[in-house]
Amino acid sequence: MNSTPIQLSEENPDRSLAYPPGGLLIWIIIFLELITFGLGILALFYYGRQEPEAFREGTARLNRSMGTLNTIILLSSGYLMAKAVHYLKAGQSKKSFQWLLGTLGGGVLFTLIKGLEYKEKLAHEFSLGGNMFETLYWLMTGFHLIHVWVGMVILFVVAYPLRKSKAKINELDLEAGGAFWHMCDLIWLILFPALYLLY
């Protein structure tokens, strides 16, 4: 049985390049973040050519199973996020809330697995102060993990009102949170092969 339809805000403008899903501001932020991570990837390629042996050894020391599992988790959470937006647009707040909880659960799982991987690295003296591969690994995966946490906070703030079926929800808020979350997915899909598979 469908939940009571919620009231969507009337603030959503006609869609155009000036009004992408989630609003223009979130896409400016996403664009800047992608540039930042892009520079990190360029640094990875540059130093990989300078220190090929260190990078091969560094890649061999990474836990590909954990990296692959986290890739699956993030991709799955991205699907859950898309379903949450779909159900909100359909006026089904309860279902949207449930799918958002699943998305947040994916973020929690990703964090736990990354924490285990970090613990493993520290136990084997794979540290931020090591060679350039180790330094870039910690900087890039750590920065990405912070983005996952920020995304979880955004989604939690957006999800909280969805508990009430008659809450007034601005569709753009959920779309903005979803766009940020998908950015986290995209960045990881670039980081995973660059760090775990390339060398």
Side-chain angles (χ1 to χ4, degrees), residues 22 25-81 102-159 176-199:
L25 179 59
I26 191 65
W27 285 98
I28 292 173
I29 293 172
I30 288 172
F31 181 71
L32 294 174
E33 294 296 332
L34 290 176
I35 289 177
T36 302
F37 277 98
L39 292 174
I41 293 294
L42 289 177
L44 192 68
F45 290 153
Y46 174 79
Y47 287 107
R49 292 175 66 88
Q50 302 298 314
E51 306 173 21
E53 188 60 32
F55 273 59
R56 281 193 293 271
E57 291 178 0
T59 297
R61 295 175 65 190
L62 297 182
N63 192 320
R64 291 184 181 178
S65 297
M66 286 187 177
T68 300
L69 181 57
N70 260 344
T71 301
I72 295 171
I73 288 171
L74 273 190
L75 286 175
S76 299
S77 71
Y79 171 77
L80 299 178
M81 183 70 242
T103 306
L104 288 168
V108 172
L109 283 176
F110 181 90
T111 297
L112 290 174
I113 292 170
K114 182 54 66 178
L116 291 173
E117 189 177 358
Y118 282 167
K119 181 179 179 182
E120 179 184 87
K121 295 293 167 290
L122 292 173
H124 292 87
E125 299 182 353
F126 191 105
S127 66
L128 182 61
N131 59 40
M132 188 54 68
F133 179 84
E134 294 175 11
T135 298
L136 287 172
Y137 167 84
W138 282 101
L139 289 176
M140 296 178 73
T141 61
F143 195 42
H144 174 262
L145 182 58
I146 290 172
H147 280 72
V148 170
W149 292 342
V150 171
M152 290 172 68
V153 170
I154 293 172
L155 294 183
F156 178 81
V157 171
V158 173
F180 190 90
W181 192 257
H182 291 312
M183 179 198 70
C184 294
D185 295 345
L186 175 61
I187 291 172
W188 182 254
L189 285 177
I190 297 171
L191 286 182
F192 174 65
L195 289 169
Y196 291 76
L197 305 175
L198 188 61
Y199 296 99

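Keep in mind the model is a prediction, meaning the values are calculated, not measured. Residues take their numbers from the sequence shown, with the count starting at 1. Below, each value reflects all heavy atoms present in this structure, side chains not excepted, and no hydrogens, waters or symmetry copies.
- In this structure a side-chain-to-backbone donor-acceptor pair under 3.5 Å is missing from Ser77 to Gly102.
- The aromatic rings of Phe126 and Phe133 sit perpendicular to each other, their planes meeting at more than 60°, with 30° as the lower class boundary.
- At least one side-chain heavy atom of Trp181 sits under 4.5 Å from a side-chain heavy atom of Leu74.
- Heavy atoms only, all atoms of each residue included: Ala179 and Trp27 are closest at CB-CZ2, 4.0 Å.
- Between Leu34 and Phe37 the shortest side-chain heavy-atom distance does not fall below 4.5 Å.
- Glu117 and Tyr137 get closest at one heavy-atom pair: OE2-OH, 3.2 Å.
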(request) May I have the step-by-step check of side-chain contact (heavy atoms from CB on, under 4.5 Å) for Val153 and Phe156, ending in yes or no? (result) CA-CA 5 Å; Val153 170; Phe156 178 81; 5.7 Å; no

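- For residues 134-150, the pairs satisfying salt bridge (charged side-chain N to carboxylate O under 4.0 Å, His left out) are Arg61-Glu134, with sequence neighbours left out.
- Here Phe192 pairs with Tyr196 under the ring pair (Phe, Tyr, Trp, His ring centres under 6.0 Å) rule; sequence neighbours left out.
- Considering only heavy atoms from C-beta on, Phe180 stays 4.5 Å or farther from Leu155 through its side chain.
- Residues Asn131 and Ala54 come closest through the heavy atom pair ND2-CB, 3.9 Å.
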(message) Could you walk me through whether Tyr199 and Leu62 satisfy the side-chain contact (heavy atoms from CB on, under 4.5 Å) test, starting with their C-alpha distance in whole Å, then the side-chain angles of each, then the deciding distance to 0.1 Å, before giving a yes or no?
(response) CA-CA 11 Å; Tyr199 296 99; Leu62 297 182; over 6 Å; no

(request) Kindly determine whether Leu109 and Asn70 satisfy side-chain contact (heavy atoms from CB on, under 4.5 Å), including the steps that lead there. (result) CA-CA 8 Å; Leu109 283 176; Asn70 260 344; 5.9 Å; no

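- For the side chain to side chain contact (heavy atoms under 4.5 Å, CB included) criterion with Leu75, the lone passing option out of Thr71, Ile73, Ile72 is Thr71.
- For the side chain to side chain contact (heavy atoms under 4.5 Å, CB included) criterion with Cys184, the lone passing option out of Met152, His144, Met81 is His144.
- Between Tyr118 and Leu145, some side-chain heavy-atom pair lies under the 4.5 Å cut-off.
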(message) Determine whether Leu198 and Thr59 satisfy the following criterion, side-chain contact (heavy atoms from CB on, under 4.5 Å), listing intermediate values before the conclusion.
(response) CA-CA 8 Å; Leu198 188 61; Thr59 297; over 6 Å; no

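- Listed here is the closest heavy atom pair of Phe143 and Thr36: CE2-CG2, 3.7 Å.
- More than 12 heavy atoms of other residues, nucleotides or ligands lie within 6.0 Å of CD in Gln50, so this atom counts as buried by the packing criterion.
- The shortest non-hydrogen separation linking Ala194 to Ile41 is CB-CD1, 3.9 Å.
- For Thr135, there are no side chain to side chain donor-acceptor pair (under 3.5 Å) partners two or more places apart in sequence or in a different chain.
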